[in-house]
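Owing to the predicted nature of the structure, the values given are computational and were not obtained by experimental measurement. In what follows, every chain begins at residue 1, and chains take the letters A, B, ... in the order their sequences are listed.
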2 protein chains.
Amino acid sequence: MSITIKDIAREANVSFSTVSKALNDSPLVKEPTKQMILALAKEMGYEINTSAKILATGKSNAVGIYCPSITKPAYAAACLEISHQLKLRGFLPALSTSSFNDAKELFSRLKVACIIILDQQDFYFTNVDFTYNPYTENNETKERFYALKKDAAIKAASLLTHSGHHSVLTVSEYEEDWLSEVIKKEALFDKVHHCYVNTNDLERLFTAIKKALDQTLPDAIMCSSRKLAELTLMISKSLGLNIPVECSIIAYEENIEPGSPISLFGYSAEKSAVKTADYITAKINEQEFDYVNNKPEIMLNYTVKL
Amino acid sequence: MSITIKDIAREANVSFSTVSKALNDSPLVKEPTKQMILALAKEMGYEINTSAKILATGKSNAVGIYCPSITKPAYAAACLEISHQLKLRGFLPALSTSSFNDAKELFSRLKVACIIILDQQDFYFTNVDFTYNPYTENNETKERFYALKKDAAIKAASLLTHSGHHSVLTVSEYEEDWLSEVIKKEALFDKVHHCYVNTNDLERLFTAIKKALDQTLPDAIMCSSRKLAELTLMISKSLGLNIPVECSIIAYEENIEPGSPISLFGYSAEKSAVKTADYITAKINEQEFDYVNNKPEIMLNYTVKL
DNA sequence: CTGTTAGCGCATTCAC
DNA sequence: GTGAATGCGCTAACAG
């Protein structure tokens, strides 16, 4: 068995409850005593038994993160950033990426204070104070999320038109053509073309984009996802298109993190994570949280000509 | 507070230790009593307090999985399969994909019985009975792992040559050219060309592959990873190469799962997971485990002409 | 077969 | 300030 507070108490010649207080930085113990105990605990290699602590207090500082689609880079970025922000606030993040049932069991075992769901879909956990899904805002309408994407797209489109881009080709997946819709509605470009593709069928994707580029000769391409943009970039190059001299490429991404080879528009992974972590902290401490939308951001690199 | 075994005991008019036994399916309690208690527990919505159980037994059925590179599809496949196999054996898999320190804390909190490391690199955890890394076999030499990859490559190459392929182009990343080495050594093909690329620089990757294809006109392409193969496939198509009529494409993947658009050679994710889970089970129960290598497998689809 | 008891490691009263 | 006592929910002897 490992070192317990009783072991420390014996060594320190104090009672184990004094050790408990010292370890929890209680004001009820004299500073020198506290320091002595802390030093001794470190020296003896004491590690708290979390099960015992949870049992005794009925509380846990663990926060569950449920992210079934972690293989998508945007979600992975969100997971990492949120974990980081939670740690900074003294929580222990516990990630589950597997089935809903596994997640439930893991979280219940850790007695998580709340669960953050990172997915377009909501999941209903029981036996937890509350869940939070930044992508659905738990009960708010889908429109709200669409509005955020739309804001980002408009900002990116404006930047492109103001820097001399006139014709655009939007590339999005069949199922979600929000980008085309936004660009069409806003009518910021002189010429707009849309191209719908399927990333599971690279052959048809290639043909579709080639055809679209041949027909329209756009000076800008906006993609609804980073993966789409990477493929589009390569296809453009294979067709001899000079990026970004002849044509700029930019893509939407949910959680922007530095290091992308493609210019992106969307929301900063870090800022979104800060907001999520702040929200969680406020709610757990039963404090007010005034909800402000994050502003869309644009991360430019060599794929866009200004 | 939630329902405890005492609550159930009161309702059932038995002692709480009887309830405990019934819940743990002990033979020390009569079948009717057991059924009655089980039914009652279900009806009352009882959920075990794992902290209390861990505290009382000093044991936990949680197994840690540390997979820092889960964004790579092969590792993701391994995680899912291993989690599944562990569950089948009564363990609770807990995944950590974040920093080493976070993982340590999470696993220590769950008092995991052991930790499975899914990474090319080893990590040294303390306070755990044992760790297991199927990719390094913990202390065995790198050569062992290389040998497995080599076996798979030879099997795939033989299949290609026996079905009429004579010239091959291998495509691998600069850092790991094991595939080129194997193909060179084995000399199964009449003509062999190598192409080294970098997936972070799509522009140069495109140029390099185009150049290689122009020069060599192979009737088979073997890639050292699925990502490389997907890109190569698209580039081939963009160059007007008819896949698989003029040229077959196949790629190595660590953990093969059904559903890939590219033909693959490597090891079955499921079989590898079974082996890992069996090993863990044996070791935890302090039983013998006779170590047998998995056999390489090949998953063919339309990208290979037979 | 069932009940009684002790104790896992810790936080938290309440005395001193 | 510090220590002694109690209990969190559960398992595991042991007693009946």
Side-chain angles (χ1 to χ4, degrees), chain A residues 1-38 40-42 44-62 90 92 105 108-113 127, chain B residues 1-38 40-42 44-62 90 92 105 108-113 127:
Chain A
M1 256 338 185
S2 39
I3 310 290
T4 75
I5 55 173
K6 284 186 185 167
D7 299 324
I8 300 176
R10 204 181 313 113
E11 286 294 317
N13 271 316
V14 295
S15 85
F16 74 89
S17 76
T18 305
V19 174
S20 172
K21 284 169 198 149
L23 257 24
N24 286 291
D25 200 23
S26 158
L28 295 176
V29 52
K30 250 196 309 195
E31 196 54 38
T33 323
K34 194 187 287 181
Q35 292 307 326
M36 184 266 281
I37 292 175
L38 253 39
L40 196 57
K42 195 171 180 181
M44 298 174 70
Y46 169 76
E47 288 187 9
I48 192 168
N49 180 324
T50 318
S51 298
K53 179 167 186 158
I54 293 176
L55 185 57
T57 58
K59 288 178 194 170
S60 161
N61 73 335
L92 174 74
E105 162 114 35
S108 123
R109 178 165 301 205
L110 287 165
K111 294 248 176 295
V112 295
N127 281 311
Chain B
M1 256 341 186
S2 37
I3 310 290
T4 74
I5 54 173
K6 285 187 186 168
D7 298 324
I8 300 176
R10 204 181 314 114
E11 287 293 318
N13 272 317
V14 294
S15 85
F16 73 89
S17 80
T18 304
V19 175
S20 172
K21 283 170 199 148
L23 257 23
N24 287 290
D25 199 24
S26 158
L28 295 175
V29 50
K30 246 195 315 195
E31 197 55 39
T33 323
K34 194 187 286 183
Q35 292 309 326
M36 183 267 281
I37 292 176
L38 253 37
L40 196 56
K42 194 170 181 181
M44 297 173 72
Y46 169 77
E47 289 187 7
I48 192 168
N49 181 324
T50 317
S51 298
K53 178 165 186 160
I54 293 177
L55 185 58
T57 57
K59 288 178 194 170
S60 161
N61 74 334
L92 174 73
E105 161 115 34
S108 123
R109 179 165 301 204
L110 285 166
K111 296 247 176 296
V112 296
N127 280 310

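For B:Phe16 and C:dT5, the CZ to C1' distance is 8 Å, given to the nearest whole Å. Atoms CG (A:Leu23) and C1' (C:dT12) sit 15 Å apart, rounded to a whole Å. With rounding to whole Å, B:Ile5 atom CD1 is found 6 Å from D:dG9 atom C1'. In this structure, CG of A:Asn24 is placed 15 Å from C1' of C:dT13, rounded to the nearest angstrom. Atom CD1 in A:Ile37 sits about 8 Å away from atom P in D:dG3, given to the nearest Å. A:Lys111 places its NZ atom 12 Å from the C1' atom of D:dC10, with the value rounded to the nearest Å. As rounded to whole Å, 15 Å separates atom C1' of C:dA11 from atom CG of A:Asp25. Rounded to whole Å, the distance from CD1 on B:Ile3 to C1' on D:dC10 is 16 Å.
Where B:Pro27 and B:Ala52 meet DNA chain C, the nucleotide closest to each residue was compared, and B:Pro27 sits on the side nearer the 5' end.
Interface remark: the A:Ser17 side chain does form a donor-acceptor pair with the D:dA4 base, using a distance-only criterion of under 3.5 Å.
Using a 4.5 Å heavy-atom cutoff, the side chains of B:Tyr46 and B:Leu40 are not in contact.
Set against D:dC8, C:dA11, C:dT2, the side chain of B:Thr33 has C:dT2 as its closest nucleotide. Residue A:Thr18 has its side chain nearest to D:dG3 when only C:dG3, D:dG3, D:dC10 are considered. Between C:dT2, C:dC10, D:dG9, one nucleotide has an atom nearer to the side chain of B:Ala56 than all others, and that is D:dG9. Among D:dT11, C:dC10, D:dA4, the nucleotide with an atom closest to any side-chain atom of A:Asn49 is C:dC10. Distance from the side chain of A:Lys53 is smallest to C:dA11 among C:dC8, C:dT4, C:dA11. Nearest to the side-chain atoms of B:Ile48 among the listed nucleotides D:dG9, D:dG7, D:dT11 stands D:dT11. Of the candidate nucleotides D:dG1, C:dC1, D:dT11, D:dG1 has the atom nearest to the side chain of A:Lys30. The side chain of B:Tyr46 has D:dC10 as its nearest neighbour among C:dC8, D:dC10, C:dT4. Of the candidate nucleotides C:dG3, C:dT12, C:dG9, C:dT12 has the atom nearest to the side chain of A:Thr57.
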Open item on the list: For B:Arg10 and B:Asp7: C-alpha separation, side-chain torsions, deciding distance, then whether side chain to side chain contact (heavy atoms under 4.5 Å, CB included) applies.
Closed with: CA-CA 5 Å; B:Arg10 204 181 314 114; B:Asp7 298 324; 3.1 Å; yes
Side-chain polar contacts of residues 16-23 of chain A - donor-acceptor pairs under 3.5 angstrom, sequence neighbours left out - could you list them?
residue: A:Ser17; atom: OG; partner: A:Ser15; partner atom: OG; Å: 3.2
residue: A:Thr18; atom: OG1; partner: A:Ser15; partner atom: OG; Å: 3.3

I'd like a table of donor-acceptor pairs (distance under 3.5 Å, sequence neighbours excluded) in which one partner is a side-chain atom from residues 27-34 of chain A, with atom names and distances.
residue: A:Glu31; atom: OE2; partner: A:Gln35; partner atom: NE2; Å: 2.7
residue: A:Lys34; atom: NZ; partner: A:Asp25; partner atom: OD1; Å: 3.1
residue: A:Lys34; atom: NZ; partner: A:Ser26; partner atom: O; Å: 3.1

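Among the heavy atoms of the strands, none lies under 4.0 Å from B:Ser51. Using a 4.0 Å heavy-atom cutoff across all strands shown, A:Ser20 reaches at least one base atom of the nucleic acid.
Residues satisfying the side chain to side chain donor-acceptor pair (under 3.5 Å) test with B:Lys111, not counting sequence neighbours, are none. Under the rule for a side chain to side chain donor-acceptor pair (under 3.5 Å), A:Asn13 has no partner lying at least two apart in sequence or in another chain. For B:Ala52, the side-chain contact (heavy atoms from CB on, under 4.5 Å) partners two or more places apart in sequence, or in a different chain, are A:Leu55, B:Asn49.
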Report, one pair per line, the protein and nucleotides 14-16 of chain D atoms (nitrogen or oxygen only) whose separation is under 3.5 Å.
none

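If you take CD on B:Glu47 and CZ on A:Arg109, they are separated by 12.0 Å, rounding to the nearest 0.5 Å.
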